[in-house]
Amino acid sequence: MLAVPAALSSRLLLTARTLSSVYTGSSSSTAVKMARSALDEVTDTGAFDRSPSTFRSSVSRDASARFPAVPGRYHLYVSYACPWASRCLAFLKLKGLDNVISFSSVKPIFERTKETDDHIGWVFPATADEVPGADPDPFNGAKSVRELYEIASTNYTGKPTVPVLWDKQLKTVVNNESSEIIRMLNTEFNDIAENPGLDLYPAHLRAAIDEINELVYDAINNGVYKCGFAKKQGPYDEAVTKLYEAMDKCEEILGKQRYLCGNQLTEADIRLFVTLIRFDEVYAVHFKCNKKLLREYPNLFNYTKDIYQIPGISSTVNMEHIRKHYYGSHPSINPYGIIPAGPNIDYTAPHNRERFSAA
């Protein structure tokens, strides 16, 4: 009998446990008692249903607030692989806040977060040299994001996610809802931001931004996950239909103007971008979103290149982390963690979006 390498043996054991739970609804004697992951968020109908975020406090420019917007107090824990975390990192860069709010990334591939159960999730490397682009937890010595949540809240029973906006002074999670974090970064830190004049949620466009956000979040941002984690044909068919209807609508809009809400960059564009940049590289294959590639949409593809080339944005895109995470972290979808060879798209190539006048 051929010997199975220890690493592969461990992965196959984890795969077997995960598949058993996903496909039969059963759980092992070491089943997760407190922490959840995306693999747990599928309903009895076979549809993916994302859990809501749990930490919803706000940083305020009011100096008397519990969480005042002061330099050096906060840290943003992200994963370069995660689109929700990446949009927060994009705001950090665009607003010029990366000198007053520190940030670090976890390892790209999910691993066991504790030896006492089977939960898999975001973990920190043991050393700075272990995984390029990932860093050990610099403030709490936590081995996983799950441990951060346990520091912030005893007996935490939710899903330990990124992004995490962390208060270094109070040693707690301020907020883990990316849509709220980006709003804080947009306005509450303007007194210490390098680009305080950049408003990605301007008053005169808020109604339009909210409307397109609703479409993009449900059908595209979350829609690709609904496709990928669906366990029955019906929910997949419904999700993929909505996904491509929304993609077609965005393609039409972007044929008339440079950005989603006119010729001014807004948060709606960053929220869409983080999904589009991952589309052909992972979602088309891994999440079965292959009816039409991003590269087959002339406006959407050039729009993605246009945003990628905005100063600061390219530094938020680590395609190696993205590819390793998706193909390596979902054993119920890709049991052996094989990473496809391509397509390795050049997003620095010319685009034709300059034909629209700037705001």
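Among residues two or more places apart in sequence or in another chain, the salt bridge (charged side-chain N to carboxylate O under 4.0 Å, His left out) test is passed with E296 by none. With sequence neighbours excluded, no residue satisfies salt bridge (charged side-chain N to carboxylate O under 4.0 Å, His left out) with E147. Legend: residues meeting side-chain hydrogen bond (donor to acceptor under 3.5 Å, both in side chains) with D135, ordered by chain and number and at least two apart, are absent. Annotation: side-chain hydrogen bond (donor to acceptor under 3.5 Å, both in side chains) contacts of N99 (sequence neighbours excluded): E194. Qualifying salt bridge (charged side-chain N to carboxylate O under 4.0 Å, His left out) partners for D191, counting only residues two or more places apart in sequence or in other chains: none. Residues that satisfy the ring pair (Phe, Tyr, Trp, His ring centres under 6.0 Å) test with H321, not counting sequence neighbours, are Y80. Every residue meeting the salt bridge (charged side-chain N to carboxylate O under 4.0 Å, His left out) condition with D280, not counting sequence neighbours, appears here in chain and number order: R295. With sequence neighbours left out, the side-chain hydrogen bond (donor to acceptor under 3.5 Å, both in side chains) criterion links S179 to E177. Shown here are the ring pair (Phe, Tyr, Trp, His ring centres under 6.0 Å) partners of Y244, two or more places apart in sequence or in another chain: there are none.
Counting only residues at least two apart or on different chains, no salt bridge (charged side-chain N to carboxylate O under 4.0 Å, His left out) pair has a member in residues 196-209. Within the structure, salt bridge (charged side-chain N to carboxylate O under 4.0 Å, His left out) contacts touching residues 304-322 (residues at least two apart or in different chains) are R258-D306, E320-K324.
The hydrophobic cluster around I209 extends to Y201, L205, counting ILVMFWY residues whose side-chain heavy atoms fall within less than 4.5 Å of a member.
The aromatic rings of F287 and H330 sit parallel to each other, their planes meeting at less than 30°, with 60° as the upper class boundary.
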